[in-house]
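Read the structure below first, then the notes.
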Amino acid sequence: MARLKTGDKAGSFTLKGIDDKQHSLDDYSGKCVVIIFSCNHCPYVQAWEDRMIKIQTDYAPKNVQLVAINSNDGIKVPDDNFSKMKERAREKKFNFPYLHDEDQKVAAAYGAERTPEVFLFDSNHVLRYHGTIDNNYDNPNDVKENYLRDALEATIAGRKVSLAETKPVGCTIKWK
Amino acid sequence: MEEKIHCLSMEDLRKISFLYSDDCPSHHEALSRLRKIIDQEGVSVEIETINVRTNQEAIAHRFRGSPTILIDGRDIDPSSSEGFGLACRAYRLEDGRISPLPSEYMIRKALRGT
């Protein structure tokens, strides 16, 4: 499975969100978009979720939109089915769209393998950063490297991202 | 029926099993953490490491997700509601956060049998 590389354009998609509406990449035209392949059940996602919410809060005024996509097979992992996605989003008060990639085509097209796995696109929807959110899933107070935030700052300022690729850390995507 | 309180002295410890799945990256750090705490507690005990690869193996080993630590067969977090199966394990820490790693406190408490 080929993964998007920095400099590649984002693949377009239209997916159903937990608000029961269809969401397309085109909805975020002119915005930096942080796509995070995510899910409900994975402890790595759960450990980073509050930080995802905070990133959206901090960067929304800077024309950034975070979008979470769940591509896991909801039959293999019932905790990741669509109704559970709605529950999770309500419980955690997600401030970003949470979309269901039911046929897993978006994850396959992007080459995502883990949850969480970050793809940061600039306002032209060109990939500028891929990898993990920061260097410490265990403790947000002990983070030493804020990979995604640093990449966002560079991208917003029109600078090259100094570390454009890190290894995604998390659960594997559960394929059908 | 009242559950018997299992209180171990360090000398009573016979076996620690460390079970993991390659799919869950926290197992390296979890094993280091376990070894560090065993050293700090001055316990001389062998750690048996088991790579769990299938759901059948998970059930057979009473594996609630990666990583799982059993001390003389007892899970270090007996309150966990996670079922047996091949998955990454979520630990609820003392401050309520979820982590893919058991806390040092959790491991130490289980080692001391308190």
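All chains are named by letter (A, B, ...) in the order of the sequence lines, taking the proteins before the strands, and each is independently numbered beginning at 1.
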Task: No-hydrogen, no-angle side-chain donor-acceptor test under 3.5 Å, A:T172 and A:R114 - done: no
- [ ] Just do the side-chain hydrogen bond (donor to acceptor under 3.5 Å, both in side chains) check on A:D134 and A:W48 with the steps written out, would you?
- [x] CA-CA 9 Å; A:D134 58 49; A:W48 262 308; 3.0 Å; yes
Task: Residue part contacting chain B, namely of A:D50, when any heavy atom lies under 4.5 Å - done: neither
Open item on the list: What part of B:S26 gets within 4.5 angstrom of chain A, counting heavy atoms only: side chain, backbone, both, or neither?
Closed with: both
Open item on the list: Which atoms of A:C171 are under 4.5 Å from chain B, going by heavy atoms: the side chain, the backbone, both sets, or neither?
Closed with: both
Task: Inter-residue atom distance A:C39.SG - A:D101.CG, 0.5 Å rounding - done: 12.5 Å
- [ ] Can you measure from CD (A:Q46) to NZ (A:K92) and round to the nearest 0.5 angstrom?
- [x] 8.5 Å
